[in-house]
Amino acid sequence: MTVSYKIIQDFCTITHDMLVAYRQYLLLLVIFCAQYTYSNSSSAPSTDALFSATTAAAYQDLIREHNNGAKTADLDQITKLAEAAREANNSVTAMTTILQNMPAILQQINSPQIQQVTALALSLHGIEIAKSLLSQAKDQGDNVSEARITFEIAKYYANEAHWPEVARLLKNATIIESLAKEDADEANLLIGTALQQQKKHREAMTYYEKIKFGSVHYRLAQLNFATANIRQDWWTDAHLAIQSALKINGTKKDELDYRLYTVLGFSQIQYGFYRDARESFRNVAINSEYTNRALLGLGMAALHQEDFIGALNAFNHLREKQEEDISIAESYLLGA
């Protein structure tokens, strides 16, 4: 029997103060028992589907048990109250604010604020609320609202690593075309990532190419484009993509730049460009989260060049760190 710890943790957070203790235990028991029952079945519902069903039921109880929330037809007020409650870790008030005002929200499905309402509901795992909003938008033939809501649902599924669902939602070209430019770029990044996660690298690349220079998502799209090329042994195009992304920030580097340098360095090692690889790794800041990987790569590149002193210096530097990290563990093997 396997049940995602994150799912259980999220469930406990959402249902805190919603229901009495016995109901929390009962719903958790349902998840465990159902997962156990269907664990060996090819038609088994996922833990996440069970989670969605139980949270939806919990929210229905929430309406009945907390029927004194603020009621208003003002979407700005609804989002303001719900957001404030969410930031205060009061999921009960946040969700009650949305649920008790659903009739007013549904009547204003054409409003741009619907996207924010959807995002708020999804931040509390209110997937059924988002689906209700999406259904209303489709019934009214509102392509823009449909696109906005679909985009938020796709982001939610991406955060949960449900990549086939992300691809299914965003493969409709009308959805992306109906979004604002920045959202459209992010949607292309999401569907590209979803396809890449399913090893459809060449198809993913067509979506990354739609994100143009100047977009806030350009660097990450180029990184993903590069990895898709590397997976297909097209290292020239991969290196060009990374170099293009590295030009954006100039001398002001951030963590994404260091990640780009690290990917570039290991790719250069793979294809025999050891001197270039060492230069790439040296561009990673000493306090970066990618420092350990860069040090490991630096040592590996030096080892390939038979610069054993340089390699040992890099590996020994890693071995001095008191951290649980795969790069540090590998440094002991390579040092030996």
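Computed over heavy atoms, backbone and side chain alike; hydrogens, waters and symmetry mates excluded.
A heavy-atom distance below 4.5 Å is found between the side chains of K199 and H201. Contact check for F213 versus K247: no side-chain heavy atoms found under the 4.5 Å cut-off. A 4.5 Å side-chain heavy-atom check between E186 and E182 finds every atom pair outside the cut-off. Within the 4.5 Å cutoff, the side chain of D185 has no heavy atoms near those of the K210 side chain. T118 is not listed as a side-chain neighbour of Q115, based on a closest heavy-atom distance of 4.5 Å or more. For the pair E160 and H125, the minimum side-chain heavy-atom distance is below 4.5 Å. Q198 is listed as a side-chain neighbour of P164, based on a closest heavy-atom distance under 4.5 Å. Between R275 and H304, every side-chain heavy-atom pair lies at or beyond the 4.5 Å cut-off.
N143 CG to T150 OG1: the interatomic distance, rounded to the nearest 0.5 Å, is 10.0 Å. Remark: I114 CD1 to E152 CD distance equals 11.5 Å, nearest 0.5 Å. Atom-to-atom distance recorded for E165:CD and Y157:OH is 5.0 Å, nearest 0.5 angstrom. Between N229 atom CG and R231 atom CZ the span is 12.0 Å, to the nearest 0.5 Å. Annotation: the span from F225 atom CZ to W234 atom CH2 amounts to 8.5 Å, rounded to 0.5 Å. In this structure, OG1 in T227 is found 8.5 Å from CD1 in I242, a value given to the nearest 0.5 Å.
Residue K80 qualifies as open at atom NZ: its count of foreign heavy atoms under 6.0 Å is 12 or below. Other residues, nucleotides and ligands place no more than 12 heavy atoms under 6.0 Å from the CD atom of E306. Under a cut-off of 6.0 angstrom, the local environment of CD in E324 is sparse, with at most 12 non-hydrogen atoms contributed by other residues, nucleotides or ligands. No more than 12 heavy atoms of other residues, nucleotides or ligands lie within 6.0 Å of CD1 in I309, so this atom counts as exposed by the packing criterion.
L296 and I230 are members of different hydrophobic clusters when ILVMFWY side chains are connected at heavy-atom separations under 4.5 Å. In this structure, L190 is not a member of the same hydrophobic cluster as I211, with clusters built from ILVMFWY side-chain heavy atoms closer than 4.5 Å. Linking Ile, Leu, Val, Met, Phe, Trp and Tyr whenever their side-chain heavy atoms come within less than 4.5 Å puts I328 and F281 in one cluster. Side-chain heavy atoms closer than 4.5 Å link hydrophobic residues (I, L, V, M, F, W, Y) into clusters, and following such links, even through other members, never connects Y208 to L179. The hydrophobic cluster containing F151 also contains L122, counting ILVMFWY residues as joined when their side-chain heavy atoms lie under 4.5 angstrom apart, directly or transitively.
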Just do the side chain to side chain contact (heavy atoms under 4.5 Å, CB included) check on I129 and M95 with the steps written out, would you? CA-CA 10 Å; I129 293 173; M95 188 52 72; 3.3 Å; yes
Please step through side chain to side chain donor-acceptor pair (under 3.5 Å) for the pair S244 and Y218, ending with a clear verdict. CA-CA 10 Å; S244 176; Y218 178 76; 2.6 Å; yes
Going through the distances and angles, do R282 and L298 end up as a side chain to side chain contact (heavy atoms under 4.5 Å, CB included)? CA-CA 8 Å; R282 287 191 184 103; L298 195 63; 4.1 Å; yes
Between K200 and M205, does the side chain to side chain contact (heavy atoms under 4.5 Å, CB included) criterion hold? Intermediate values first, please. CA-CA 9 Å; K200 300 176 181 178; M205 290 165 63; over 6 Å; no
Residue pair I127, I153: steps toward the side chain to side chain contact (heavy atoms under 4.5 Å, CB included) verdict: CA-CA 8 Å; I127 186 66; I153 295 175; 4.1 Å; yes
Can D257 and R219 be said to form a salt bridge (charged side-chain N to carboxylate O under 4.0 Å, His left out), step by step? CA-CA 8 Å; D257 288 308; R219 288 190 300 155; 3.2 Å; yes
Would you check, one step at a time, whether the test side chain to side chain donor-acceptor pair (under 3.5 Å) holds for R293 with S327? CA-CA 6 Å; R293 294 303 293 170; S327 297; 3.0 Å; yes
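In terms of heavy atoms, N110 sits closest to S145 at CA-OG, 3.5 Å. Taking each heavy atom of G192 and A204 in turn, the nearest pair found is O-CB, 3.2 Å. The two residues A187 and L170 come nearest to each other via the heavy atoms O-CD1, 3.6 Å. Nearest approach of A314 to L295, heavy atoms of both residues: CB-O, 3.5 Å. Closest non-hydrogen pair, L124 versus S91, comes out as CD2-CB, 3.8 Å. Smallest separation of non-hydrogen atoms from T97 and I78: CG2-O, 3.7 Å.
Side-chain atoms of N283 come within 3.5 Å of backbone atoms of E279 as a donor-acceptor pair (strictly under, hydrogens ignored). In this structure, the side chain of T96 engages the main chain of V92 through a donor-acceptor pair within 3.5 Å. Proximity of a side-chain donor or acceptor of K212 to a complementary backbone N or O of E209 within less than 3.5 Å is detected. Under the 3.5 Å distance criterion, the side-chain polar atoms of S135 are left unmatched by any main-chain donor or acceptor of K131. Of the possible polar contacts, one joining the T79 side chain to the L75 backbone as a donor-acceptor pair under 3.5 Å is found. In this structure a side-chain-to-backbone donor-acceptor pair under 3.5 Å is present from N90 to T93.
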Can you list, pair by pair, the side-chain donor-acceptor contacts under 3.5 Å of residues 262-271, counting residues two or more places apart and other chains?
residue: T262; atom: OG1; partner: Y258; partner atom: O; Å: 2.8
residue: S267; atom: OG; partner: H239; partner atom: NE2; Å: 2.7
residue: Q268; atom: OE1; partner: A277; partner atom: N; Å: 3.3
residue: Q268; atom: OE1; partner: S280; partner atom: OG; Å: 2.8
residue: Y271; atom: OH; partner: D233; partner atom: OD1; Å: 3.1

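Side-chain contact, Q136 with D142: no donor N or O sits under 3.5 Å from an acceptor N or O. Between the side chains of N224 and Q196, no donor-acceptor pair of N or O atoms lies under 3.5 Å. Remark: the S288 side chain and the E255 side chain contain an N/O donor-acceptor pair separated by less than 3.5 Å. In this model, a donor atom of one side chain and an acceptor atom of the other lie less than 3.5 Å apart for K321 and N292.
Ring centers of W235 and F273: under 6.0 Å apart, within the cut-off.
Results of the side chain to side chain contact (heavy atoms under 4.5 Å, CB included) test with N188 over T193, T206, I176 single out I176 as the only residue that passes.
A salt bridge between D183 and R148 is absent, with no side-chain N of the basic residue lying under 4.0 Å from a carboxylate O of the acidic one.
Residue pairs meeting the ring-ring contact (aromatic ring centres under 6.0 Å, His included) criterion with at least one member in residues 310-336: none, sequence neighbours excluded.
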